[in-house]
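It should be emphasised that the depicted structure is a prediction, and the values quoted were computed from it without experimental measurement.
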Amino acid sequence: MKKLIYILITVLTIGACKVEVKNPNTITAATFWKTEQDAQYGINAVYNMFYKPGTYSRWMWFRLDLTSDEGFSQSPWAELKEWTQFTYNNYNFWEGNRWTYRDCYEAIFRANQVLSYVPNISFSDENNKNRILGQAYFLRGLYYYHIALLWGGPDKSVAIVLEPSTPDMQPQGHTETEVFEQAIADFTQAQTLLPTAWEGIDKGRATKGAALAFRAKCYMQLKKWTEAGADLRWLVEGEGRSYYNLTTNYFDNFSKDRENNQESVFEIQYSDANKAPAGDDDFAVDPNLGLNRGQFFAPPGIGWTDGELRPWLVTAFKQEKDLSNNFDIRLRYTAFYEGMENDFPDNTRIYGEVSNNATWSRPNWKGRVFFRKYSAEYYRDFDDYYNPTNVRLIRFADVLLMYAECIAQSGGALSEAVALVDRVRARVNMPSLATNHPSATTSKEVFLKRLQTERALELATEGQRWADLKRWGLLDTQAGIDELKLRDPDFAYWNETEGRWIQRFVIGKHSRLPIPSDEANNNPNITQNPMY
């Protein structure tokens, strides 16, 4: 699918489909949406948005990973750093807010084109039409899920657009709940139209399992545990069990050589086909198809280090040993940190650097913890804009842990929930919960609190944490912020001079981003988020 998307995206970005016209740049909706090939080009244009900097290739991770208690920024770019500290002065800040907002809605616009025009195209096989429509519903739902997660609030602040937009359109605003419900509706349509699996060059496209897993995520954010559990049950105990399982090797989920494996429920297909320069603009003839985050998160002298990890993650991993009395192998693949070569004797490589006392004694390295997942360190000495490693947006391990949460929250047998967590722990040779955390096997409350740590250890830096913090209510109470500030001073920091905590995170405000000013000012039908 990487090669397929590359070819079709290149055609689309210059507006030149293989049709009999003298000037391909004159293609319009009236002349384009005529053939099955046009429909295929159209759905690939929606996938194309995965390669735009505003979404998953770069800036989305600043919002999902760095805003949570897992990451932060010490970037010399002051405004970029401030946006991970809940200091939002310019709501139109392009890299921190508006670019991601714009690209999410551009993806929705492209999906709306497919859903509007493809039903009127004659297909030789209606199954092929349904698969294209199913993918469009899935991708639109995916972006509405993230829009609700990042910008949704109690007021009617977020637009829902279900048809190809026009310059004069001023869509109505909707609440966070309503946007999640729209995503649920899209995933519901998708799961009825999508296949359970794809073959050949199409492997990696959206499937029924992916639609059900993301619908479950939406239900969970709305605390509809029974509905979410039913979707997840399909993947774990139903028909989906024929397609999904944990990989034996944890690192297979972050390697370019083990992509689209049995643990992957949905992943973005990245490529290093176009290596330089980075074609990031909207009409790049040779678009960048690689993952950009490594360049922004790599250690000093290797990347720009605009994002890094909080040390509590390393401490959390080291709280318990595995059954062989070694440290949790997931730590090895999650972070670069001082002393990692001692914890894992074969773990000395940091791109082209060596992990030793000399390296970690450098002033700009000392005491810091750096991102490792989805980096290129395991096969080359540098990282840049064209990392070809696929991002697994949902792994089966995530499904198991979500299912465990739903069972516990809906009053199911706690033993079943514990068994699901133990299954994830066993893959990395960790003792059962009964061995190391016995109270978590008998108390629902203790289990759910332990599950918060289990999700951090398994899924750290994979873009799941912000949704988790919101769902668990840690952003809604002072007690929650008091817990988070002990892990992440971005929420609140101790001022030695004044002898008190200075809280940056404002409850009721910072659990969502501000709507970009231009959007709020130009559309009277949407309301700026509360307290902005």
Distance-only, no hydrogens or angles: does the Tyr105 side chain make a donor-acceptor pair with backbone N or O of Ala159 under 3.5 Å?
->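 Indeed, once roles are kept as given, a pair shorter than 3.5 Å links the two residues.
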
Residues [X], [Y]: salt bridge by 4.0 Å N-O rule:
{"X": "Asp468", "Y": "Arg471", "value": "yes"}
{"X": "Arg131", "Y": "Asp202", "value": "no"}
{"X": "Arg110", "Y": "Glu106", "value": "yes"}
{"X": "Asp69", "Y": "Arg487", "value": "yes"}

Partner of Lys129 by side-chain contact (heavy atoms from CB on, under 4.5 Å), out of Asp125, Ile132, Leu133, Asn127 =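 Of the listed options, the one satisfying the test is Leu133.
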
Ring centers of Tyr378, Phe254 separated by less than 6.0 Å =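 Aromatic pair excluded; centres sit 6.0 Å or further apart.
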
If you take all heavy atoms of Phe187 and Leu142, which pair is closest and at what distance?
->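 Minimum heavy-atom separation between Phe187 and Leu142: CZ-N, 3.3 Å.
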
Measure the acute angle between the ring planes of Phe50 and Tyr47, then classify it against the limits of 30° and 60° as parallel, tilted or perpendicular.
->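 Because their plane-to-plane angle is over 60°, the rings of Phe50 and Tyr47 count as perpendicular.
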
Using 30° and 60° as the class limits, which term best fits the ring planes of Phe296 and Trp59: parallel, tilted or perpendicular?
->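 If you compare the ring of Phe296 with that of Trp59, the planes turn out perpendicular.
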
Are side-chain N/O atoms of Asn387 and Thr389 paired as donor and acceptor at under 3.5 Å?
->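 Yes, side-chain donor-acceptor contact under 3.5 Å.
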
Does a side chain donor of either Tyr56 or His146 reach within less than 3.5 Å of an acceptor in the other side chain?
->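 Their side chains do contain a donor-acceptor pair, which is all the 3.5 Å distance test asks for.
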
